[in-house]
2 protein chains.
Amino acid sequence: MEEAEQSRCENCIIRQFNSLRAMSKQELKKVSDSKITRKVKKGEAIFEEGDKLDGVFCVREGISKLSKLSANGKDQIVKLASKGEVMGQRSVIAEEYTNLSAVAVSDMEVCFIPKDSIIHTLSRNPDFAIEVLRHMAHDLKEADDVIVNMSQKTVKQRIAEAFLYLKKNYGEDRDGFLNLTLSREDIANVVGTATESAIRIISEFKKRGMIKTSGKKIGVLNEKLLQDLIEGF
Amino acid sequence: MEEAEQSRCENCIIRQFNSLRAMSKQELKKVSDSKITRKVKKGEAIFEEGDKLDGVFCVREGISKLSKLSANGKDQIVKLASKGEVMGQRSVIAEEYTNLSAVAVSDMEVCFIPKDSIIHTLSRNPDFAIEVLRHMAHDLKEADDVIVNMSQKTVKQRIAEAFLYLKKNYGEDRDGFLNLTLSREDIANVVGTATESAIRIISEFKKRGMIKTSGKKIGVLNEKLLQDLIEGF
DNA sequence: TCGAAAAGATGACAATTATCATATAATATT
DNA sequence: AATATTATATGATAATTGTCATCTTTTCGA
């Protein structure tokens, strides 16, 4: 019985997008043999804050939110991870309990890769280590940007940014709605505000003709207006 | 003529605190031969946002603020770097222009290490790469924490946290004042608020007996009160 | 050491955002 | 399909934070 083509890491196109591409054929084979592919339904958790991760998760399909619970019970979404992104590497590398939870915001398919093969390759294949470093460096820069946005921009500006970000990164359907639909609460948690505030601002944007809505779906109508708002006009 | 002991990386104790400790004797020698030690006076810039860095800076003495200018002209301090920390590695590794400025908040001594020897060692010595990775992973986690704090805590709580952080990390002098003295403006830029707001809250903390001040110096008087405030009482 | 400039302090006020209450709409469950 | 549950929406209000003006104190350079 032959295994399906795409279930082998060597053939997985997702690999093109992440650090795994720096692995040798042999290393990939090892990873492939030990990986476990898993389907995750929308709303389901992949791992939770404080878990000890024995490996990393490579997103093959769908989108996950990486969030952190604050003392007052609110969730702050720190990052959205989609096709090709690897989750949990930070905690595997630092050998610490993870500081984030990963929950699917759409139906997903993820590959679990045990940390042994990652760690092993890290210490043998400098190219791989550098690739991982590059990715982490990129994430760090993005995190810095988020910090600045949080402290310097208004909630309105952050929500406008979020919509443009979602449009740019996940695109829109034929009807002009964002492909990635987040609940109002998730939107609030991305920009770090109260759900009611987010809802209010969404209503306002709609009245102003900047966006349209249909149920929880949101579509960008006037990118320029949003952009102007972000820049402070 | 013999070079002073401590001006050779191999003997520099600072190295114990950072990724350089994973370098071999030979690699360190090379770094040492190409490094440039430099004194930086308080207020002086080491590098500025948008600079192309040809190497990293290892802090040997003093403290630097790493900050990012926002569109509205405010500076957000993203991190304070002190003895043993390496600045600029993110941008050297990602081969991008730096996203942060580094300015001395006290008189400093830094070693500039050209990127060639760093990159070279990265691709030869996996232990070094892993060390650097660990540090970056740690920074990333801290950045996540900052994001959550920014969005979930009040300005008051963030200022209280900042004082406890400064006390814990830089200690206090015999008179009970924080060793690291930041201007009110810098404090505001650390927690992401207006200078006037920071000043007002500092006055309030003083009235409440939580801290004492003397000029721009600040001393923690009642750690428990500050801690309670942070936790929402 | 004098005077200018910068930093710190505080009041008055406006803008932003959170919270609580409640209503309506959408979704899920039996 | 009926009902329970959850998500969305909106008003009223309070709390937080920012802005502008002004004054005092400190710092620094000539």
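Every chain is numbered from 1 and lettered A, B, ... according to where its sequence line falls, protein lines coming before strand lines. Keep in mind the model is a prediction, meaning the values are calculated, not measured.
Annotation: of the two residues near DNA chain C, G215(A) and T154(A), the 5′-most nearest-nucleotide partner is T154(A). Take the nearest nucleotide of DNA chain D for V155(B) and for I202(A): the residue whose nucleotide is more 5' is I202(A).
Whole-Å rounding puts the I201(A) CD1 to dA18(C) P distance at 8 Å. Between I199(B) atom CD1 and dT25(D) atom P there is a gap of 15 Å when expressed in whole angstrom units. Distance NZ (K153(B)) to P (dA15(D)): 22 Å, rounded to an integer number of Å. Note: NZ (K41(A)) to P (dA28(C)) measures 13 Å, nearest angstrom. Residue K156(B) contributes atom NZ, which lies 13 Å from atom P of dG18(D) at whole-angstrom precision. Distance, Q157(A) CD to dT17(D) C1': 15 Å, rounded to whole Å. dG8(C) atom P lies 14 Å from atom NZ of K217(B), rounded to whole Å. For the pair E196(A) CD and dT6(D) C1', the computed distance is 14 Å after rounding to whole Å.
In summary, D186(A) and K65(A) engage in a salt bridge, as defined by a charged side-chain N under 4.0 Å from a carboxylate O. Of the charged side-chain nitrogens involved, none lies within less than 4.0 Å of a carboxylate oxygen, so that K141(A) and D145(A) do not count as a salt-bridged pair. A salt bridge is defined here as a Lys NZ or Arg NE, NH1 or NH2 lying under 4.0 Å from an Asp or Glu carboxylate O, and K79(B) with D139(B) meets this definition. Comment: R134(A) engages E95(B) in a salt bridge, judged by a side-chain N to carboxylate O separation of less than 4.0 angstrom. A salt bridge links E96(A) and R90(A); the closest N-O separation between the charged side-chain nitrogens and carboxylate oxygens is under 4.0 Å.
Among the protein residues, S203(B) comes within range of the sugar-phosphate backbone only, with heavy atoms under 4.0 Å from sugar or phosphate atoms but none that close to a base.
In the region residues 172-195 of chain B, proximity to DNA chain D at under 4.0 angstrom, judged on heavy atoms, holds for T193(B), A194(B).
For dG8(C), one of the phosphate oxygens OP1 or OP2 lies less than 4.0 angstrom from a side-chain nitrogen or oxygen of K216(B).
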- Message: Go through it in stages, so that I can follow the logic: the residues are E223(B) and Q227(B), the test is side chain to side chain donor-acceptor pair (under 3.5 Å), and I'd like the CA-CA distance, side-chain angles, deciding distance and then a yes or no.
- Response: CA-CA 6 Å; E223(B) 204 159 329; Q227(B) 197 59 57; over 6 Å; no
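At most 12 heavy atoms of other shown residues, nucleotides or ligands fall within 6.0 angstrom of atom NZ in K83(B).
Distance from the side chain of K74(B) is smallest for dT19(D) among the nucleotides dT19(D), dT10(C), dC20(C). Set against dT19(D), dG8(C), dG11(D), the side chain of R200(B) has dT19(D) as its closest nucleotide. Minimum atom distance to the side chain of S197(B) is reached by dG18(D), of the listed dT8(D), dA9(C), dG18(D).
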